[in-house]
S.K.: 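Pasting a structure below so you can have a look.
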Amino acid sequence: MKKFAALTLSALIFGSGFLGAGGSGFAEGDSLKKFESLGKGDVKVVQGKGQKGPPTFVSGILSENFSKGNAKNAKAFLSEHEELFHVKNAEESLTEVRVTEDELGMTHVRLQQTKKGIPVDRNELNVHFNEDNSITAVNGNFDPELEELDINTTPAVNRNTALETAKRDVIAPEYVDFQTSELIIYPFEADYHLAYRINLEFHSATPGNWYVYVDAHTGEVIDRFDAMTGLGNFSDILDLEEITEQPQASAAQVKAKNEKAQEKRNELRGARGKGIGTTGVQKLMDISHGPDEDGGRTFYLADHSTSDMDGIFTYNMQNTSNQMWLYENDSASWKDVEYSGDSSSWEVVGQGPAVDAHSNSRIVYDYFLENHGRNSLDDQGMAIESRVHYWREYNNAFWSNGLAMMTYGDGDGQQFIPLAALDVTAHEMVHGITHYNGGLRYRFETGAINEAYSDTFGSIIDDRSWDVGEDIMGEAWLADGRTALRSSEDPGKFPVNQAYWAYSVDGEGRYPAHMEEYYFLPGNMDNGGVHINCTILQHSAYLVSEEYGMGREVVADTWYRAYDYLHFDATFAEFREAILQSATDLYGEDSEEYDAFLGAFDDIGLYEGWSLEENHRDPLW
């Protein structure tokens, strides 16, 4: 493994040989001299992949105080320091995505690289101002070559044609639950394409959340990947079967029924209820009631108890893949089902999974509100919606970006029992939080960071252990000694799917705990290892909390803050810097908390500047 020493301003000033694009040394850059002249400490510079383009992370006191932390001043700063950040025309090449202020008074500006007004896929820059509006960090991706290229940005293929091409390419069913398309510049295999980025999400046939890139000049498919996030893309441990059900009604009828189910929730009055979850635990819940056709009352899993958000609603799909009803009962108690392990019972619509999904959604919502000041998944009070009893004996659970819902299968009783346990619910809802925090591309390193966030917060909220999935394991796996899906404490105690063993460091196929064990998977296998390599980062969280004694709260606060320092295509090396910068913001660089995170990264072998290219390992067979 290659280990890179930290580069500080003092090292750079005295000629480290650390070069930017075009061959000019950073030591000769006026920007670094100006940073030094501020006299406010060292400046850290971390270079990107192959030293192409600007550094991926620069931190320290980088400017005098601006009048305000905003996109205008961020662009002005980047323009002033063109030779370091390689942004020649910030006003034309960068578009504001969002500006947020945090609890420390810092302002975080996210900028999207564009070409002739068209966004460049993958490329975002973040500029961070402290409470005095001085810039303290710049990080992200920017491709300076694009500024020099003359790209034809007029499509020859129309959007509808590209959409139909994408549907054929992924064998989409007739009814697609959610679809969007956007014209972008797509860097791919050392070339730049004007392309339609088409997102197709469907939940019948083989469920998928596909991103398909169709060349807007030739009409050919350039690239594609399935971004169905969640605990439940179990290709890493389980071969999944296709859902063969076809819609039982037309697309228009399905849409009308689903909309009616959601309309009903707004006509109800609040009540208190109780139920028994899948594992037999009794739970109190906020629910609602309304009149039924016979003049009585019907109770629904609809929680309107928090005025600052739009409610928590749980829907019953009644073992279909495409229809849902607001979950209802003839009393305020849901008590009739406790799963016993007879796999045939999973064919029956029971109440336990709905009790779990509904009550656990409230727990996760309350956790983020009370500990991080976050009001629901989007931080704007959006409704939290869950669907249970998806398909029949379905061994899966997932978050839907398009529908903005969590969906839970019932399991087959052998591999899984119903999947709406607390850590699973937290896992899926954190995928939603990640999505609304700007997203992390669901591929390779970035996708593994995405999964690590969900698993880590799952273990923080359900704090009985550092394992994920203890309450959803079915009889067959329990008999084989598999008591959970993954472990952050001891990742290697569980094996991955045998199809991946050739890519493990020793052929034994354990989940990795160290960068030397990283799985260099192709993109068509678990999206490049998103459910496998995540355990390396999760293990660092466990080490900070337990081995270094900082506790779960320090991990949670630091990881949550690090969202502001990540971007859509962040690498493991950038994740490391995001966590360390967040620890610096919260506790100081001389703190024991910072030392714990730094020590944990050393323990897992995630050194500064780690890259896939420098450390690649071929499969064993």
Side-chain angles (χ1 to χ4, degrees), residues 46 48 53-59 62-63 66 68-81 84-87 89-115 117-131 133-144 146-147 182 184-185 187 197 372-374 377-380 401 431-442 445-446 449-450 453 558-571 573-575 577-582 585:
V46 179
T56 58
F57 213 105
V58 180
S59 60
L62 308 181
S63 76
F66 283 91
K68 188 175 183 181
N70 57 24
K72 179 182 178 180
N73 287 331
K75 292 179 186 181
F77 172 81
L78 294 170
S79 296
E80 179 185 357
H81 299 285
L84 177 60
F85 297 107
H86 302 181
V87 182
N89 191 337
E91 197 58 45
E92 181 180 318
S93 298
L94 293 169
T95 300
E96 177 184 326
V97 175
R98 68 177 186 180
V99 177
T100 58
E101 185 173 334
D102 64 31
E103 72 282 358
L104 299 181
M106 294 185 65
T107 302
H108 307 275
V109 178
R110 178 160 297 184
L111 303 169
Q112 168 72 56
Q113 183 177 6
T114 60
K115 180 71 174 180
I118 297 175
V120 181
D121 199 62
R122 307 180 186 178
N123 290 357
E124 294 176 336
L125 277 178
N126 297 325
V127 180
H128 311 272
F129 297 79
N130 65 14
E131 68 278 10
N133 295 325
S134 175
I135 291 176
T136 56
V138 177
N139 73 288
N141 285 348
F142 185 86
D143 188 345
L146 266 172
E147 286 193 305
E182 182 180 9
I184 61 162
I185 304 295
R197 181 178 60 203
H372 305 292
R374 188 176 190 88
L377 307 183
D378 65 349
D379 200 24
Q380 301 296 317
N401 287 342
H431 276 309
I433 289 172
T434 297
H435 171 69
Y436 287 107
N437 265 328
L440 289 165
R441 182 190 300 276
Y442 206 60
E445 295 172 88
T446 316
I449 297 170
N450 193 321
Y453 262 95
T558 307
W559 277 50
Y560 183 77
R561 181 175 185 79
Y563 273 126
D564 286 323
Y565 290 101
L566 294 171
H567 60 93
F568 188 57
D569 209 34
T571 64
E574 291 172 291
F575 173 82
E577 299 307 321
I579 293 293
L580 293 177
Q581 186 63 45
S582 297
D585 293 345

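Note: hydrogens, waters and symmetry copies are ignored here, and every other heavy atom, side chains too, is used.
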S.K.: Would you name the heavy atoms of Ser134 and Ser63 that are closest together and state the gap between them?
M.R.: OG-O, 2.5 Å
S.K.: Is there side-chain contact between Leu94 and Thr114, with at least one heavy-atom pair below 4.5 Å?
M.R.: no
S.K.: Knowing that exactly one of Phe575, Phe568, Tyr453 qualifies, which makes a ring pair (Phe, Tyr, Trp, His ring centres under 6.0 Å) with Tyr563?
M.R.: Tyr453
S.K.: Does the gap between the ring centers of Tyr565 and His108 come in under 6.0 Å?
M.R.: yes
S.K.: Is there a donor-acceptor contact under 3.5 Å linking the side chains of Ser93 and Gln113?
M.R.: no
S.K.: Output, in order, the C-alpha distance, side-chain angles, deciding distance and verdict of side chain to side chain contact (heavy atoms under 4.5 Å, CB included) for Asn437 and Arg98.
M.R.: CA-CA 10 Å; Asn437 265 328; Arg98 68 177 186 180; 3.9 Å; yes
S.K.: Under a 4.5 Å cut-off applied to non-hydrogen side-chain atoms, are Val109 and Leu111 in contact?
M.R.: yes
S.K.: With a 4.0 Å cut-off, would you call Glu103 and Arg561 a salt bridge?
M.R.: yes
S.K.: Closest heavy-atom contact between Pro144 and Pro54?
M.R.: CD-CD, 4.0 Å
S.K.: Closest approach of Leu566 and Ala578, non-hydrogen atoms and distance?
M.R.: CD2-CB, 3.7 Å
S.K.: Output the distance between atom CG (Asp569) and atom OG1 (Thr56), rounded to the nearest 0.5 Å.
M.R.: 12.0 Å
S.K.: Show the numbers, then the answer: is there a side chain to side chain contact (heavy atoms under 4.5 Å, CB included) between His431 and Tyr442?
M.R.: CA-CA 11 Å; His431 276 309; Tyr442 206 60; 4.2 Å; yes
S.K.: Please name the residue in the list Thr107, Asp585, Asn139 that meets the side-chain hydrogen bond (donor to acceptor under 3.5 Å, both in side chains) test with His128.
M.R.: Asn139
S.K.: State, yes or no, whether a side-chain contact exists between Glu445 and Leu440 at a heavy-atom distance under 4.5 Å.
M.R.: no
S.K.: Under a 4.0 Å threshold between the charged nitrogen and the carboxylate oxygen, would Lys115 count as salt-bridged to Asp143?
M.R.: no
S.K.: Would you say Asn133 and Met106 make side-chain contact, with heavy atoms under 4.5 Å?
M.R.: no
S.K.: Can you label the angle between the His372 ring and the Tyr560 ring as parallel, tilted or perpendicular, going by 30° and 60°?
M.R.: parallel
S.K.: Compare all side-chain heavy atoms of Glu101 with those of Phe129 and state whether any distance is below 4.5 angstrom.
M.R.: no
S.K.: For a 4.5 angstrom cut-off between non-hydrogen side-chain atoms, does Leu62 reach Thr136?
M.R.: no
S.K.: If I compare all heavy atoms of Asp378 with all of Gln380, which pair ends up nearest, and what's the gap?
M.R.: OD1-N, 2.8 Å
S.K.: Could you walk me through whether Asn73 and Lys75 pass the side chain to side chain contact (heavy atoms under 4.5 Å, CB included) test, one step at a time?
M.R.: CA-CA 5 Å; Asn73 287 331; Lys75 292 179 186 181; over 6 Å; no
S.K.: Evaluate Gln112 against Asp121 for side chain to side chain contact (heavy atoms under 4.5 Å, CB included), listing each step before the verdict.
M.R.: CA-CA 9 Å; Gln112 168 72 56; Asp121 199 62; over 6 Å; no
S.K.: Check whether the ring centres of Phe77 and Phe85 lie less than 6.0 Å apart, and answer yes or no.
M.R.: yes
S.K.: Which distance, rounded to the nearest 0.5 Å, do you find between the OG1 of Thr95 and the CD of Glu124?
M.R.: 11.5 Å
S.K.: Looking at His86 versus Phe142, is the centre-to-centre ring distance below 6.0 Å?
M.R.: no
S.K.: So, Asn126 and His567: side-chain donor and acceptor under 3.5 Å apart, yes or no?
M.R.: no
S.K.: Is the shortest side-chain heavy-atom distance between Thr571 and Thr446 below 4.5 Å?
M.R.: no
S.K.: If you define the side chain from C-beta out and look only at heavy atoms, does anything of Ile579 sit under 4.5 Å from Trp559?
M.R.: yes
S.K.: Using 0.5 Å steps for rounding, measure from the CZ atom of Arg110 to the OG1 atom of Thr100.
M.R.: 8.0 Å
